[in-house]
Amino acid sequence: MEVEATNFIEDIINKDLAEGRCDHVQTRHPPEPSGYLHIGHVRNIVLNYGLAQKYGGVCNLRYDDTNPQKESQEFVDSIQDDVHWLGYNWHEIHYATEYFQMNYEVALKLIKEGKAYVCDLSPEELSKTRGTLTEPGTNSPYRDRSVEENLDLFGRMKNGEFPMGSRCLRAKIDMASPNMNMRDPVIYRIQYLNHQRIGRSWNIYPTYDFSHPLDDCYEGVTHSICGPEFEDHRPLYNWVVENSGLKNHSRQVEYANLYIKGAILGKRFIKKLVQDGKVTGFDDPRLYSLRGLRRRGVLPESLKNFVVAAGISKSNSLIDPEFLNHFIRDDLNRVSKRVMAVLNPIKLVITNWEDGKEEEVELEDYPQNETTTKRKYYFGKESLIEREDFISIPDPKFHRLYVGAEVRLKGAYIVKCTDFDVDDNGNVTTVYAEYEEGTKSGSNCTKKVKGTIHWVNPNHARKIEARLFENLVDEESQEEVEGQEHATDNFKINPNSKIILNNAYIEDDVDFNFEDRYQFMRNGYFCLDKDTTQDHLVFNRTITLKDTKKK
RNA sequence: UGGGGUGUAGCCAAGUGGUAAGGCACGAGACUUUGACUCUCGCAUGCGUAGGUUCAAAUCCUGCCACCCCAGCCA
């Protein structure tokens, strides 16, 4: 399925093109390598790579790696891998750290023009003079240093002559601005840290607010698409661009974030879950990280279709997980190989079937494809059926088995339930039924029944492990985080949140493949999990089929 | 009680002065070798709210309300 949609960002681009503000489109995907990508990032990725593609321009991957405290090589590697998995290719790959020398020169220019100064206030003191949301800040006592002194001090900062935090470089803008970001923002700070890419080669690091607009200009970015939290940084972004002396002027465009109800997004929260051992890792299938989704068998196309269909606006959206599931199912339904399996078996005996007799039935592997391959199944006197496909108290609303009810056994005959056995605890152990001659699937049978159930012949089946996932967050905490970033420090993990292992029976003679997706009738979509071996198959349930009604 | 942003159905979302698209979810029905898929129909006298302008307002004006972001030498 191809999903197409236009959005307000395209309107802006079209207008810029039409009015000659730019003659091409270039974007950038600027992740900070401080965590794994999750579904919340997909919108940004689709926007940046997609828009460049659409307008015949390019999109660079540029790591915003200006803060070594939070970053690591593990994340830079995983991001590239995840972007590729999503099916995108960057034009060039860059690092904010590549531009440090150029950034430095712009800073020098600013100092020479009296637009930036070295401030000796400690972070605490600086914070005090910044004012509050309702009161203006006060000028730093170092604000009016001479150009010479600033140049000297900044040079010595670069040389590593001062301790971390003792001085910083600030843009001289307006301490009384109602926009906190314009109150002489810090644009360079001293950091003696080992950077994953450049080691200890720089003692001063530009801040995001300074390096980002500059880097956009160096690369020729025309539209710098970012999250809503940067909206009030735009005046600063423009200030830097305008005062940089650089020719190319990029334009910052903000769009709103996408959240999924009940999903824990946000790098620090996912990290916490991993650290606390609540999940098995960044690729835990219960997570909405790209790795988790991937391990769960979700196709990248589905994710892209989802974000495109969800649309892009400026109001933050908290999307119903069913909306995502719809797109996942839509693709899975087409590509999944159908296999018969029973997750929680009870025995079904066909009383009027000849002992030892087996009959071949044939079923399509991909019923959605006209050119599907087919496979043989063997129907016999005894089958294993899903426990939930039988109820002991008759209910005409129930379309499956109860005494007196008729149902089709997928690919085989229509059978009528006659009786069942119960053990000492009241659990159903065996169900009895009679088959009706002439009702075999594919024959000229005209008889219709409401339900069709799946089955497995125990003589042609083997035991496997299937993992079913419970939600990570319970209903209560979903309510609490609604409208928020879904995860505050208070979020509660559902105490029942776990991976349930089920011993299922699956038809033998199926060649399972790691790349394939499977559908087990009525139990949803599955894929092989990573710890699968030759003789030990482990399935992850990707997602259930649309909820089956049980009234 | 500063600044910025956003409010259209249960959830997303189009709409830019001419009488509320579309999708998800939901309900009814048809089809069916998956209660899936597919198909058909239904689903806002209403656009945060109160006024105002206009022949005409979700769209323009004014006031109010709610939510989100900003006081890192994070991004």
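Here is the naming used below: chain letters follow the sequence lines, and residue numbers restart at 1 for every chain.
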For nucleotides B/G17 and B/C61, find the distance between their P atoms and express it as a whole number of Å. 12 Å

Name the nucleic acid region contacted by A/H399, choosing base, sugar-phosphate or nothing; use a 4.0 angstrom heavy-atom cut-off, strictly under. base

Gap between atoms CG and P, on A/L318 and B/A25 respectively (whole Å): 17 Å

Residues in ring pair (Phe, Tyr, Trp, His ring centres under 6.0 Å) with A/F75, at least two apart? A/Y36

Between B/C26 and B/U32, how far apart are the P atoms? Round to whole Å, please. 23 Å

Does the side chain of A/H212 come under 3.5 Å of the side chain of A/D64 through a donor N or O and an acceptor N or O? yes

Of the options B/A36, B/U33, B/G2, whose atoms approach the side-chain atoms of A/R408 most closely? B/U33

Euclidean distance, atom NZ of residue A/K450 to atom P of B/A30 [Å, nearest integer]: 7 Å

P atom, B/U54 versus B/G48: distance in rounded Å? 23 Å

Given the P atoms of B/C68 and B/G63, what is the spacing between them in whole Å? 23 Å

Quick tally for nucleotides 3-8 of chain B: nucleotides whose base has a protein heavy atom under 4.0 Å get B, sugar-phosphate-only ones S, the rest -, giving BSSS--

Taking only the side-chain heavy atoms of A/D320 (C-beta and beyond), determine which of B/U33, B/G10, B/A36 contains the nearest atom. B/G10

Centroid-to-centroid, A/Y255 to A/F8, below 6.0 Å? no

Out of B/G35, B/A36, B/A71, minimum distance to the side chain of A/T452 belongs to B/G35

Taking side-chain contact (heavy atoms from CB on, under 4.5 Å) as the definition, give me every residue that meets it alongside A/S313, ordered by chain and number, with sequence neighbours left out. A/S315

Euclidean distance, atom NZ of residue A/K261 to atom P of B/A25 [Å, nearest integer]: 16 Å

Would you classify B/G4 as syn or anti? Syn applies when the glycosidic angle is within 90° of 0. anti

Looking across every strand, which nucleic acid part, if any, lies under 4.0 Å from A/G227 by heavy atom: base, sugar-phosphate, or nothing? nothing

Using purine N1 to pyrimidine N3 plus N6-O4 or O6-N4 for Watson-Crick, or N1-O2 and O6-N3 for G-U wobble, each under 3.5 Å, what pairs with B/U45? none

Measure centre to centre between the rings of A/Y205 and A/Y188, then say whether the value is under 6.0 Å. no

Assign A/A309 to base, sugar-phosphate, or nothing according to its heavy-atom contacts below 4.0 angstrom with the strands shown. nothing

Over how many whole Å does the gap from A/H326 atom NE2 to B/G22 atom C1' extend? 12 Å

note: A/D331, atom CG; B/C37, atom P; distance rounded to Å ~ 14 Å

Of all residues at least two apart in sequence or in a different chain, which pass the side chain to side chain donor-acceptor pair (under 3.5 Å) check with A/Y237? A/D216, A/S250

Would you tell me whether A/Y63 and A/E71 have side-chain atoms, one donor and one acceptor, within less than 3.5 Å of each other? no

Both distances below 3.5 Å, Watson-Crick or wobble geometry, any strand: find the nucleotide opposite B/C39. B/G29

Considering just the side-chain nitrogens and oxygens of A/T134, establish if one lies under 4.0 Å of OP1 or OP2 belonging to B/U1. no

Say we look at B/G72 and B/A57: how far apart would their C1' atoms be, to the nearest angstrom? 45 Å

Among residues two or more places apart or on two chains, list those pairs meeting salt bridge (Lys or Arg N to Asp or Glu O under 4.0 Å) that have a residue in residues 363-373 of chain A. A/D365-A/R375

Pairwise C1' distance for B/G27 and B/C43, with rounding to whole Å: 8 Å

Could you state the NZ-C1' distance from A/K337 to B/C37, rounded to the nearest angstrom? 20 Å

With respect to the phosphate group of B/U32, does any side-chain polar atom (N or O) of A/K448 fall under 4.0 Å of OP1 or OP2? yes

According to the salt bridge (Lys or Arg N to Asp or Glu O under 4.0 Å) rule, which pairs have a member within residues 437-448 of chain A, sequence neighbours left out? A/E359-A/K440, A/E406-A/K447, A/E436-A/K447

Could you say whether A/I312 or A/Y525 is positioned toward the 5' end of RNA chain B, judged by the nucleotide with the nearest heavy atom to each? A/I312

Reckon A/T132 touches a base, only the sugar-phosphate, or nothing at all at heavy-atom distances under 4.0 Å? base

Using purine N1 to pyrimidine N3 plus N6-O4 or O6-N4 for Watson-Crick, or N1-O2 and O6-N3 for G-U wobble, each under 3.5 Å, what pairs with B/U6? B/A66

Side chain of A/E322, heavy atoms from C-beta onward: which of B/G35, B/A25, B/A13 has the nearest atom to it? B/A25

Tell me every residue that passes ring pair (Phe, Tyr, Trp, His ring centres under 6.0 Å) with A/H38, counting only those two or more places apart in sequence or in another chain. A/H41

Between C1' on B/U33 and CZ on A/F379, what's the gap in Å once rounded to a whole number? 13 Å

Answer with yes or no after comparing the ring centroid distance for A/Y218 and A/Y99 against a 6.0 Å cut-off, counting only values under it. yes

Not counting sequence neighbours, which residues clear ring pair (Phe, Tyr, Trp, His ring centres under 6.0 Å) with A/Y435? List them please. A/W353, A/Y413

Students often get this wrong, so: under 4.0 angstrom with heavy atoms, is A/Q519 touching a base, only sugar-phosphate, or nothing? base

For RNA chain B, whose closest nucleotide is more 5', that of A/F8 or that of A/K440? A/F8

For residues A/Y518 and A/Y525, establish whether the separation of their ring centroids is below 6.0 Å. no

What interatomic distance, in whole Å, is found between C1' of B/G18 and the corresponding atom of B/G5? 30 Å

Touch check for A/L133, heavy atoms < 4.0 angstrom, all strands: base, sugar-phosphate only, or nothing? base

Counter-base of B/A71, judged by Watson-Crick or G-U geometry with both distances under 3.5 Å: none

Are A/K546 and B/A25 close enough that a side-chain N or O sits under 4.0 Å from OP1 or OP2? yes

Span that lies between the P atom of B/A21 and that of B/G42, in whole angstrom: 12 Å

Between B/G72 atom P and A/M180 atom CE, what is the distance in whole Å? 7 Å

Between N or O atoms, less than 3.5 Å apart, protein on one side and nucleotides 73-75 of chain B on the other: list the pairs.
residue : atom : partner : partner atom : Å
B/C73   : OP1  : A/R130  : NH2          : 3.0
B/C73   : OP2  : A/R130  : NH1          : 3.0
B/C73   : OP2  : A/R130  : NH2          : 3.3
B/C73   : N3   : A/G165  : O            : 3.3
B/C73   : N4   : A/L121  : O            : 2.6
B/C73   : N4   : A/G165  : O            : 2.7
B/C74   : OP2  : A/R189  : NE           : 2.9
B/C74   : OP2  : A/R189  : NH2          : 2.8
B/C74   : O3'  : A/R189  : NH2          : 3.2
B/C74   : O2'  : A/N67   : ND2          : 2.7
B/C74   : O2   : A/K70   : NZ           : 3.0
B/A75   : OP1  : A/T66   : OG1          : 2.5
B/A75   : OP1  : A/R189  : NH1          : 3.2
B/A75   : OP1  : A/R189  : NH2          : 3.0
B/A75   : OP2  : A/Y208  : N            : 2.8
B/A75   : O3'  : A/D64   : OD2          : 3.3
B/A75   : N6   : A/H233  : NE2          : 3.3

